[in-house]
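Heads up, the thing below is written out as structure tokens.
One-based numbering, in listed order, for ligands and for the atoms of each. Predicted, not measured: the structure shown is a model, and the values here were computed from it. All heavy atoms count here, side chains included; hydrogens, waters and symmetry mates do not.
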Amino acid sequence: MIKSIKGFNDILQVPTEVSRPSSEWRQLEHTLANVLDRFGFEQIRLPIVEETQLFARAIGDATDIVEKEMFSFTDKSDPPTPITLRPEGTAGAVRAVIEHNLLRGDAPKLWYMGPMFRYEQPQKGRYRQFHQLGVESFGSELPDADAELIAMTYMMWQDLGIDHELTLQINSLGEPEERSAYRQALVDYLTDKKADLDADSQRRLSTNPLRILDSKDSKTQAILADAPMLSDFLGADSQEHFAKVQQYLTVLGIDYEINPKLVRGLDYYNKTVFEWVTDKLGAQATVCAGGRYDGLIGQLKTLKQGDTKKPAQSAPAIGFAMGLERLLLLIQAIEPFAQTSACDVFIVAHPDVYTSGLKYAQSLRKERPDLRVKMSSATSLKSQMKKADKSGADLTVILAQDEIANQQVSIKHMQTGEQTTQPDSWLYSVDNFSVK
Ligand code: ATP
Ligand code: MG
């Protein structure tokens, strides 16, 4: 039997070991899109495959994603082009913004939602195909842009009823020069202690030393307790920017913790970085993460021009991405979505008048787009009634010869079992029947 590929899950209407019901996905997506609309952000729909070098350049060669998590292939062109299933959305969004010159005029505030792909060990809250909602806000270097995105995520948590279960952690990574001075100080401090670090951190000491701050190893963390602090390396501009972000958050009533070890796994960030974390999902604690990336556009424009030219002009930007599977798991754990059936009105039609039943269902769907109207196949009345019982519908409409002859419908209220006869236009009026 052919099965799905490891880490690539079906999303069904029934919950499975690895996925929440599709109706919950739709409710989540609807709630999130509604907040994005209220902030005036615009949707962008990006390709799922991009050239491999886009991700390598944007995300950074020494990151977990590029080092070991990408699904990469070559296409059939001659010579073959290396291509990759997108592991995240920022690189593609920035590529699109440059390609279509979207930074002319009013810089865009964009969002996208869809599957991302990373070759990781599947476990609860971690899959090889997973889904993110991402937001990328271009054009402002000012800290209010940072606060706006955080305020937006906070409103999403409020609307989902999970704001009490999420903690906001923020940090500032400063500018590239500040960070590289810090990187040197950290490497100097750790070099003679290298033998006591965990294996990953030993490797990172030469490839990506800041990521050592992320290490889960307790011995490494003990060594880090006396390490130099990134915050001591921030210049006045970075410090002021970070202070301003905090002021805005305070004014908006959004609590935060400063986590001086928050560095994020991707190379393109500068200044503000943030994560929303929960203690309800075990090791998969981060549901949303983001930060500022003022240098990325310049970096990718330079890539387009060819590396011989001088660096292209950049443009400020900030973004975040949230993991939808983790959000659904968190919602399930603390504030489950109301159960909904797929049907409000079930129409049962005697096989002899089944065509009239079909016509009635079609016009009811047109007159009442607010209702979900289901019908079953033209089997016996009894077997259709059984399906109606199981459907979860509030009302069953029964149509037999008498009803059709008299232009009437028999209506069974499924909760009470009570049955009445009404003119066939009765259901067209919201006043007679509506779903709460
Ligand atoms: P983690 O530390 O958990 O691996 P990350 O830093 O790699 O996360 P980001 O690249 O910042 O994650 O992606 C943003 C969000 O996307 C994460 O906070 C998480 O909610 C979600 N996410 C990332 N990788 C996966 C995955 N393999 N499966 C499910 N969700 C994921
Ligand atoms: Mg990861």
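Nearest to atom 4 (O) of ligand 1 by heavy-atom distance, out of Gln132, Arg126, Glu88, Arg128, is Arg126.
Under a 4.0 angstrom heavy-atom cut-off, Glu120 registers as being in contact with ligand 1. The shortest separation from a heavy atom of Gln284 to ligand 1 is not under 4.0 Å, leaving the residue out of contact.
By the criterion of a heavy-atom distance under 4.0 Å, neither the backbone nor the side chain of Glu275 is placed next to ligand 1. Residue-level proximity to ligand 1 for Thr286 is carried by backbone and side chain together, each with a heavy atom below 4.0 angstrom. Only the side chain of Arg264 comes within contact range of ligand 1, with a heavy atom under 4.0 Å; no backbone atom does.
Every pair passing side chain to side chain donor-acceptor pair (under 3.5 Å) that includes a residue from residues 252-262 is listed here, sequence neighbours excluded: Gln169-Asn259, Gln221-Lys261, Gln246-Tyr256.
Taking a cutoff of 4.0 Å between a charged side-chain nitrogen and a carboxylate oxygen, Lys124 and Glu325 do not qualify as a salt bridge.
Of all atoms in ligand 1, listed by their number and element, those nearer than 4.0 Å to a heavy atom of Ala289 are 11 (O). Of all the atoms in ligand 1, the ones that sit under 4.0 Å from a non-hydrogen atom of Val287 are 18 (O), 20 (O).
Between Trp157 and His164, the distance separating the two ring centers is not shorter than 6.0 angstrom.
The residue from Arg368, Arg372, Arg365 that alone fulfils the salt bridge (charged side-chain N to carboxylate O under 4.0 Å, His left out) condition with Asp344 is Arg372.
In this structure, Arg86 has no salt bridge (charged side-chain N to carboxylate O under 4.0 Å, His left out) partners at least two apart in sequence or on a different chain.
Aromatic ring orientation, Phe233 versus Tyr182: perpendicular (interplanar angle above 60°, classes split at 30° and 60°). By the 30° and 60° cut-offs, the orientation of the rings of His131 relative to Trp25 is perpendicular.
For a threshold of 3.5 Å applied to N or O pairs, the pair formed by Arg118 and ligand 1 contains at least one separation below that value.
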